[in-house]
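These numbers were taken from a predicted model, which means no experiment stands behind them.
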Amino acid sequence: MNMIPVIDMAGTGRNIAVLRRNAGLTVKDLQMIFGFGTPQAIYKWQQGAAMPTIDNLVVLSAVFGVSIEDILKFQNDSVAHGAA
């Protein structure tokens with residue numbers, strides 16, 4: 001039976017936080033890049049309380065220099081990446 005991939009929001013949030021730090025960026029830096037009035041969305045992403053929209057994932061991918069797949073974490077990575 002084929003399993004549908006499910007995004008691990010907490011794991012994705014941890015990835016975003018690690019990638020941000022590895023890129024030498026602060027939450028304030030990302031806030032400015034996105035033009036957000038407050039940093040709340042970024043904190044919610046990092047805490048796994050919310051997910052970035054597709055267009056914001058594209059920007060994060062470009063800013064961090066990674067693919068969107070490197071940002072997202074799935075509950076069962078082998079299912080998400082097509083392994084049996």
Side-chain angles (χ1 to χ4, degrees):
M1 178 174 161
N2 288 336
M3 299 293 293
I4 297 172
V6 177
I7 294 174
D8 175 350
M9 289 177 58
T12 298
R14 286 189 297 273
N15 282 350
I16 291 170
V18 167
L19 290 165
R20 177 187 55 76
R21 286 191 298 270
N22 289 348
L25 298 170
T26 65
V27 169
K28 181 76 171 172
D29 293 332
L30 283 184
Q31 176 187 343
M32 300 302 284
I33 289 167
F34 283 99
F36 294 161
T38 68
Q40 295 311 99
I42 297 159
Y43 285 120
K44 286 181 180 180
W45 299 344
Q46 291 184 156
Q47 294 164 353
M51 287 292 301
T53 60
I54 295 296
D55 56 332
N56 288 340
L57 279 170
V58 170
V59 173
L60 287 172
S61 173
V63 168
F64 297 151
V66 299
S67 72
I68 291 175
E69 281 189 340
D70 291 331
I71 297 170
L72 296 175
K73 173 75 175 156
F74 294 92
Q75 288 181 3
N76 184 342
D77 275 337
S78 63
V79 170
H81 294 125

Side-chain touch Asn15/Leu72, heavy atoms, less than 4.5 angstrom:
no
Here the pair of heavy atoms bringing Arg20 nearest to Leu25 is NH1-O, 2.9 Å
Derivation of the side chain to side chain contact (heavy atoms under 4.5 Å, CB included) call for Trp45 and Leu57
CA-CA 11 Å; Trp45 299 344; Leu57 279 170; over 6 Å; no
My understanding is that only residues two or more places apart in sequence, or in another chain, count here; which of them pass side chain to side chain contact (heavy atoms under 4.5 Å, CB included) with Gln47?
Tyr43
Val63, Met32: one ILVMFWY side-chain cluster at the under-4.5 Å cut-off?
no
Between Asp29 and Thr26: side-chain donor-acceptor atoms closer than 3.5 Å:
yes
Counting C-beta onward and ignoring hydrogens, is there a side-chain heavy-atom pair between Phe36 and Asn56 closer than 4.5 Å?
yes
Look up atom NZ in Lys73 and atom CD1 in Ile7, then write down how far apart they are to the nearest 0.5 Å.
12.5 Å
Just how far is it from atom CZ of Phe34 to atom CG of Leu60, taken to the nearest 0.5 Å?
4.0 Å
With side chains defined as the heavy atoms from C-beta onward, is the minimum distance between Ile16 and Pro52 less than 4.5 Å?
yes
Which heavy atom of Gln31 sits nearest a heavy atom of Gly37, and at what distance?
NE2-O, 3.2 Å
With sequence neighbours left out, what residues match Asn22 under side chain to side chain contact (heavy atoms under 4.5 Å, CB included)?
Val18
Whether Thr12 side chain and Asp8 backbone form a donor-acceptor pair below 3.5 Å
yes
Rounding to 0.5 Å, atoms CG (Leu19) and CD (Gln46) come to a distance of 10.0 Å
Does the side chain of Phe74 reach to within under 4.5 Å of the side chain of Val6, using non-hydrogen atoms?
no
